[in-house]
Amino acid sequence: MRKKVKKIYNYLFSIIRAFYWKFLSNHKIVQGKPNITCKVLCLGRGKIYFEDNVQLGYFPSPFFYNGTIYLEARSDKAFVKIGKGTVINNNACIVADCYENEKTSKSGILIGNNCLIGVNFKCFNSDFHSLNPNDRGENIKYDDVVIGDNVFIGNDVTILKGVVIGNGCTIGAGSVVTKSFPENCVIGGNPAKIIKRLEI
């Protein structure tokens with residue numbers, strides 16, 4: 001009986017909390033209807049696309065009660081797109097930005113189909129500031145991040161701008177990914193490197 005009551009409580013808690021955070025989000029930029037079980041905040045002036053059967057948050061898992069999935073397409077031409085069947089665990093931060101110049105094409109973050117992403121995931125398509133200390137607000141670099149289909153990403157992984165991850169890769173917990181990798185690789189470390197290739 002106690003388990004049943006707890007299950008009902010968690011279900012109602014998730015629905016109420018998801019509704020509250022949806023209210024705080026920018027509805028105009030969101031396309032698609034993911035399955036939301038945790039706090040999710042969608043902000044920015046660009047577009048955030050969810051394909052079918054995307055799941056945001058997971059129970060039971062760390063940060064279910066106190067974590068937030070933060071998604072931002074910061075500028076008009078920035079985008080975040082999450083493919084069908086992808087599951088993003090609690091406490092993720094995904095931010096895309098792009099030049100405001102009208103001649104510049106869109107830039108953003110594309111996550112493929114059927115990916116499994118652990119807690120504390122971070123992904124950015126920009127440095128957001130220049131490396132030059134006298135020029136922090138100018139000459140900011142942007143480059144697309146593309147994560148292929150069926151990619152498994154462990155806990156506490158960070159993926160930085162310009163990275164392309166091939167289909168079927170596994171990224172070990174705590175990795176910082178600063179360069180691209182081909183499909184069907186096991187990747188790990190800081191900076192991440194190929195640990196082995198999968199024979200599929």
Side-chain angles (χ1 to χ4, degrees), residues 6-76 78-98 107-129 142 144-145 147 151-161 163 165 171-177 190:
K6 189 174 181 181
K7 189 174 181 180
I8 293 171
Y9 170 79
N10 283 332
Y11 175 73
L12 293 174
F13 176 79
S14 298
I15 290 175
I16 294 169
R17 185 172 60 168
F19 179 80
Y20 172 74
W21 285 86
K22 186 176 181 180
F23 175 77
L24 296 178
S25 296
N26 182 354
H27 301 278
K28 295 180 180 179
I29 69 168
V30 177
Q31 294 185 7
K33 294 182 178 179
N35 177 27
I36 297 174
T37 63
C38 69
K39 295 187 289 186
V40 176
L41 190 59
C42 297
L43 295 175
R45 302 194 313 274
K47 290 290 182 184
I48 299 175
Y49 306 91
F50 298 104
E51 295 193 4
D52 296 337
N53 300 317
V54 171
Q55 181 173 330
L56 301 178
Y58 193 83
F59 179 85
S61 191
F63 305 106
F64 175 74
Y65 291 105
N66 60 347
T68 303
I69 292 181
Y70 181 90
L71 305 171
E72 182 182 359
R74 185 164 292 179
S75 53
D76 291 337
F79 69 89
V80 175
K81 186 173 183 180
I82 300 173
K84 62 183 179 181
T86 288
V87 178
I88 300 178
N89 210 322
N90 308 318
N91 215 43
C93 178
I94 300 172
V95 182
D97 205 350
C98 185
S107 182
I109 295 169
L110 175 61
I111 299 174
N113 302 325
N114 301 311
C115 294
L116 297 176
I117 300 177
V119 298
N120 288 330
F121 173 66
K122 297 177 181 64
C123 186
F124 311 103
N125 80 326
S126 173
D127 296 328
F128 302 110
H129 300 283
Y142 308 91
D144 290 347
V145 174
I147 299 171
V151 173
F152 173 59
I153 300 175
N155 295 340
D156 301 298
V157 169
T158 299
I159 297 179
L160 301 179
K161 75 175 193 305
V163 167
I165 303 294
I171 304 177
S175 299
V176 178
V177 186
N190 181 7

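Residue pairs meeting the salt bridge (charged side-chain N to carboxylate O under 4.0 Å, His left out) criterion with at least one partner in residues 48-66, sequence neighbours excluded, are Glu51-Lys81.
Among residues two or more places apart in sequence or in another chain, the side-chain hydrogen bond (donor to acceptor under 3.5 Å, both in side chains) test is passed with Asn89 by Ser61. Judged as a side chain to side chain contact (heavy atoms under 4.5 Å, CB included), and not counting sequence neighbours, the contacts of Ala73 are Ile48, Ala78. Residues meeting the side chain to side chain contact (heavy atoms under 4.5 Å, CB included) test with Val95, sequence neighbours left out: Tyr70, Glu72, Arg74, Cys93, Phe124, Phe128. For Tyr58, there are no ring pair (Phe, Tyr, Trp, His ring centres under 6.0 Å) partners at least two apart in sequence or on another chain. Shown here are the side chain to side chain contact (heavy atoms under 4.5 Å, CB included) partners of Asn35, two or more places apart in sequence or in another chain: Thr37, Gln55.
Here the closest heavy-atom approach between residue Ser75 and residue Asp97 is recorded as OG-OD1, 2.8 Å. Residues Val157 and Gly174 come closest through the heavy atom pair CG2-N, 4.1 Å. Considering all non-hydrogen atoms of both residues, Cys38 and Gly57 come closest at SG-CA, 3.5 Å. Pairing each heavy atom of Gly108 with each of Asp144, the nearest pair is N-OD1, 2.9 Å. Between Cys42 and Ile29, the closest heavy-atom pair is C-CD1, 4.3 Å.
Put simply, OH on Tyr49 and CD on Gln31 are 5.0 Å apart, with the number rounded to the nearest 0.5 Å. Note that NZ of Lys47 and CG of Asp76 are 10.0 Å apart. Values are rounded to the nearest 0.5 Å. Taking CD1 of Ile69 as the reference point, atom CG of Leu71 lies at 7.0 Å (rounded to 0.5 Å). Rounding to the nearest 0.5 Å places CD1 of Ile94 at 5.0 Å from CD1 of Ile82. Rounding to the nearest 0.5 Å places NZ of Lys39 at 4.0 Å from OG1 of Thr68.
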Evaluation steps, side-chain contact (heavy atoms from CB on, under 4.5 Å), between Ile159 and Ile171 | CA-CA 10 Å; Ile159 297 179; Ile171 304 177; 4.1 Å; yes

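Proximity of Ile36 to Phe50: side-chain heavy atoms (C-beta onward) are nowhere separated by under 4.5 Å.
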Solution key, residues 110-121 side-chain donor-acceptor pairs under 3.5 Å, sequence neighbours excluded:
unit_1 : atom_1 : unit_2 : atom_2 : d
Asn113 : OD1    : Lys84  : N      : 3.0
Asn120 : OD1    : Asn91  : ND2    : 2.7
Asn120 : ND2    : Asp156 : OD1    : 2.9

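Judged by distance alone, the side chain of Asn190 and the main-chain N or O of Val176 form no donor-acceptor pair under 3.5 Å.
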